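Here is the naming used below: chain letters follow the sequence lines, and residue numbers restart at 1 for every chain. Please read all numbers here as calculations on a predicted model, not as lab measurements.
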2 protein chains.
Amino acid sequence: MPEITKTRGYAIGEMSKRTGVNIETIRYYERIGLLPKPDRTAGGNRQYNHEQLKQLSFIKRARGLGFSIREIRGLLAMAINTEFTCAEVHEITTGHLASVQEKIASLQRLEAVLQDMAAQCSKGDVPDCPIVDTLFELA
Amino acid sequence: MPEITKTRGYAIGEMSKRTGVNIETIRYYERIGLLPKPDRTAGGNRQYNHEQLKQLSFIKRARGLGFSIREIRGLLAMAINTEFTCAEVHEITTGHLASVQEKIASLQRLEAVLQDMAAQCSKGDVPDCPIVDTLFELA
DNA sequence: TATGCGATCTGTAGCCGCTACAGATGCAAG
DNA sequence: CTTGCATCTGTAGCGGCTACAGATCGCATA
């Protein structure tokens, strides 16, 4: 009879390897209540189950997509309670999308200014630089 | 005989109004050595001169362009000592430009994913959401 | 069974770039 | 002289981690 409670759970290092989330960060997520407190071994080491592994992967992906901890809290609450509506999730997502788009637009304006400044520069070895002038003189 | 030491200097609030930099932030810049320690009145209030006003404006603009404090330190050191070469300034600027461009590219990839997710969503009032599914299931 | 050593533990402090207090003063107008 | 806003110092907090120190755990080998 194989496959009887083969998986005694994952140690924190295992969780880290599987999700790519730093060990310190995993403990940090626990501290701020983003990840539930796992079981402990007799000696006190954390033992995670598959559910918690899935949740950490969720967090990792959401963070990778730039969702804030606060937003992830909201998404997780919905995903776990299953007392949410798809529309609510859609709202969080499009809200986040809008802020990403704003950030892109503002960075593109920035890019244009920096390119301008760089283009005006003679790259000479003299202490007279249009970039410094720009920063000092323009309103 | 007018115009004899008319300008006794700027109080911190005046500096704040003229540059748009928060008062707390001005003191913070002083603390970290980004702005020189100004003169004080007999009572201990800060009194800035025109030079310092210009420098704070410089910092403000550079921050607005996304230069880090560290980068600004470098730019300021060059701008003030005038022992810099234009090429050095150019290097800092193009380095910063490159990092801005990277940030734009990565946000655009993000945007695409978020748009995809949002588009797949039915926006229904059921607890079955492709966005949540995506976050949970995809590698 | 002892030992060695990597993994994990807790707790705390630091990073960046501010921001927000509290509680004590300064200063200028009326 | 009083009123009341401006400013002072010092410290703590934000988000989202990261980096220690110093102690303990747990598993493979001798």
Distance test, side-chain N/O of [X] to OP1/OP2 of [N], below 4.0 Å:
X	N	answer
A:Arg40	C:dT10	yes
A:Arg27	C:dT10	no
A:Ser68	D:dG15	no
A:Thr25	D:dG16	no
A:Arg63	D:dC17	yes
A:Asn22	D:dT18	yes
B:Tyr29	C:dC18	yes
A:Arg46	C:dT10	yes

Protein-nucleotide distance ([X], atom [atom1]; [N], atom [atom2]), rounded to Å:
X	N	atom1	atom2	result
B:Ile12	C:dC27	CD1	P	14 Å
B:Glu14	C:dG26	CD	P	22 Å
B:Glu30	C:dG17	CD	P	18 Å
B:Gln47	D:dA6	CD	C1'	12 Å
B:Asp39	D:dT7	CG	C1'	16 Å
B:Ile32	C:dC15	CD1	P	12 Å
B:Glu24	C:dC16	CD	C1'	17 Å
B:Tyr28	D:dT11	OH	C1'	15 Å

Is it true that a side-chain atom of [X] and a backbone atom of [Y] form a donor plus acceptor pair closer than 3.5 Å?
X	Y	answer
B:Gln120	B:Met117	no
B:His96	A:Leu114	no
B:Ser16	B:Ile12	no
A:Glu71	A:Ser68	yes

Can you name the atoms? Protein N/O to nucleotides 4-6 of chain C N/O, anything below 3.5 Å, with the distance.
none

Inset, instruction - Return the 5'-most residue of the pair A:Ala42, B:Asn45 with respect to DNA chain D, ranking by each residue's nearest nucleotide. - result: B:Asn45

Legend entry - CZ/B:Arg40: more than 12 non-hydrogen atoms of other groups inside 6.0 Å: yes

Inset, instruction - Kindly compute the distance separating CZ (A:Phe58) from CG (A:Leu75), expressed to the nearest 0.5 Å. - result: 5.0 Å

Legend entry - Closest-nucleotide ordering on DNA chain C, the 5'-leading residue of B:Ile69 and B:Gly44: B:Ile69

Check: residues 26-36 of chain B side-chain donor-acceptor pairs under 3.5 Å, at least two apart:
| from | atom 1 | to | atom 2 | distance (Å) |
| --- | --- | --- | --- | --- |
| B:Arg27 | NH2 | B:Glu24 | OE1 | 3.2 |
| B:Glu30 | OE1 | B:Arg46 | NE | 2.7 |

Legend entry - pair B:Ile59-B:Arg63: side-chain heavy atoms closer than 4.5 Å: yes

